[in-house]
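Each remark here refers to the structure printed beneath this line.
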Amino acid sequence: MSAFVYRDFSTLRAALLARQELALIDVREEAEFAQSHPLFAVNIPLSKLELEAYRRIPRRGTPITVYDNGDGRAEQAAARLRQFGYGDVALLAGGLAGWQAGGGELFQDVNTPSKAFGELVESRRHTPSLTAQQVKALIDQHADVVIVDARRFDEYQTMSIPTGTSVPGAELVLRINALAPDPNTQVIVNCAGRTRSIIGAQSLINAGISNPVAALRNGTIGWELAGFALESQQQRRYPDGVENRAQAQQQARRVADAAGVVRIDRETFGLWRQDTTRTTYLFDVRSPEEYHAGHVPGSDSAPGGQLVQETDHYASVRGARVVLVDDDGVRANMSASWLAQMGWEAAVADGLSAADFTEQGGPAAQLPPSPPTDDITPAQLAALLAQEGTVLLDFTTSANYVARHIPGAYWVIRSQLPLALEKLPPAERYVVTCGSSLLARYAVPEVAALTGKPVQLLAGGTQAWIAENRPLEKGEGRLAAPRIDRYRRPYEGTDNPRDAMQAYLDWEFGLVEQLARDATHGFNVL
């Protein structure tokens, strides 16, 4: 008799329709996940399970269903989750193929619920948009226009529309009066593709600002496909000051109330946090800088625009309660209004004062117990690498590895470790590292079990090596596994093939029809 419990598609579909809590976890690597997955599946790769499980699924009694595509990683992940203390862990009957065979719809890409929701918003609200050609003409004519980029600031710096200013999504209603004080100024909201442009523009429209508002149709992808040049490394950011704060507060509260956002006080929130039968997330939707300067104890940083864009990553338990906080009465309400429309039980904590934002820095990581390791210093590693028989394994992300790594290090993924080891030279001993060695520490017993050789850990990881100004390499020279740890997004950077960008847009255009076929989304557009 199998030690594993199984849940089938029909059981999970019924739970989704009933708004019951569930975590449907795809334990493949992100590039594999992006090819095909259920709408509300969340990607927590087996290779990083220890680092992400407690943060993303905070309640140990959450009903968890794990799947892969028939390669055995789901069984490993289920066993590991039980060891972490989760008491209700099951496998998806038949894996990914079982979901499809049961009649389940399969989606592509990442952050799919948010992208599908954005397309539904545009189709229901007919969110105004302007083509790249129309926006370029306005810029060339020096028209009275303000372009606001609703992505993260680092994304904006990579590439941006000429004259655009970085105003991440949750900041729009709070900051727009300072950027466009004349109600006749045309406001244009852009992102890289479509979702954040649509949600950002519709946020301003829902709030009732006086200015004409439009999304840049298809974002920077549309701009590039039109043959126009993007800027890079720009530093234009929204001003720190807030104009007409009281008006923005009233606008945001009105939208939140219309969306059915729940209002709670400190006492109610305390009761929710103590409730062991429900998952309650607490997110601070202000900027990361504000969060680190001072936040409510126990809250996690989730800038509102990104929270709406990446809800599956931040709140990985579908059906959970989500409580949002800010210190201005605008950003939490606007963000919560979108979450409520996406089918979440969204609440805003009212009545907070500056005295509540007492915790500084980032939250301490909650991790499962790590195995005992034989740690060595960078100097000791340098001496070992000068000898024959030492093989250094780097478990960082492939992007970090390609950017810089210790000379001679091989890049590996834990889930691909048996295959990777077959490609490596014979070793008398192994040393493992990653950026900080936090993840590599968990890989030590796995490498030892597979090789039968001594395994040591670089204390402090590659960061410790760098801190001592030791030499580095870059490039893909020693990849021992395929770079499947991250999906190459067709809307990032400036070197994407035109056909890939167009295919991405075509996929987004079809999401509304997919939502109708799936019929589990629970979205309700205002």
Restricting to salt bridge (charged side-chain N to carboxylate O under 4.0 Å, His left out), what partner residues turn up for Arg80, sequence neighbours left out? Glu50, Glu446

State plainly whether the residues [X] and [Y] are in salt-bridge range, i.e. N to O under 4.0 Å.
{"X": "Glu119", "Y": "Arg194", "value": "yes"}
{"X": "Glu171", "Y": "Arg331", "value": "yes"}
{"X": "Glu32", "Y": "Arg73", "value": "yes"}
{"X": "Asp275", "Y": "Arg321", "value": "yes"}
{"X": "Arg19", "Y": "Glu345", "value": "no"}
{"X": "Arg7", "Y": "Asp88", "value": "yes"}
{"X": "Arg498", "Y": "Glu224", "value": "no"}

Indicate whether any N or O donor in one side chain lies under 3.5 Å from an N or O acceptor in the other, for Ser232 and Gln157. no

Side chains of Tyr487 and Asp109: is there a donor and an acceptor less than 3.5 Å apart? yes

Mind checking the CG-NZ spacing from Leu515 to Lys115? Nearest 0.5 Å is all I need. 13.5 Å

Going by the angle between their ring planes, with limits at 30° and 60°, are Trp411 and Tyr401 parallel, tilted or perpendicular? tilted

Parallel, tilted or perpendicular, as decided by the 30° and 60° cut-offs, for the rings of Phe283 and Tyr314: perpendicular

Here's a test for you: under side-chain contact (heavy atoms from CB on, under 4.5 Å), which of Val431, Thr462, Leu458 qualifies with Leu392? Val431

Distance-only check: which donor-acceptor pairs under 3.5 Å involve side-chain atoms of residues 302-309, not counting sequence neighbours?
unit_1	atom_1	unit_2	atom_2	d
Gln306	OE1	Arg196	NH1	2.7
Gln306	NE2	Glu310	OE2	2.9

Give the intermediate values and the outcome of ring-ring contact (aromatic ring centres under 6.0 Å, His included) for residues Tyr504 and Trp507. CA-CA 5 Å; Tyr504 175 78; Trp507 166 76; 5.6 Å; yes

Using a 4.5 Å cut-off on heavy atoms from C-beta on, say whether the side chain of Leu339 contacts that of Thr311. yes

Quick one: list whatever passes ring-ring contact (aromatic ring centres under 6.0 Å, His included) with Phe357, sequence neighbours left out. none

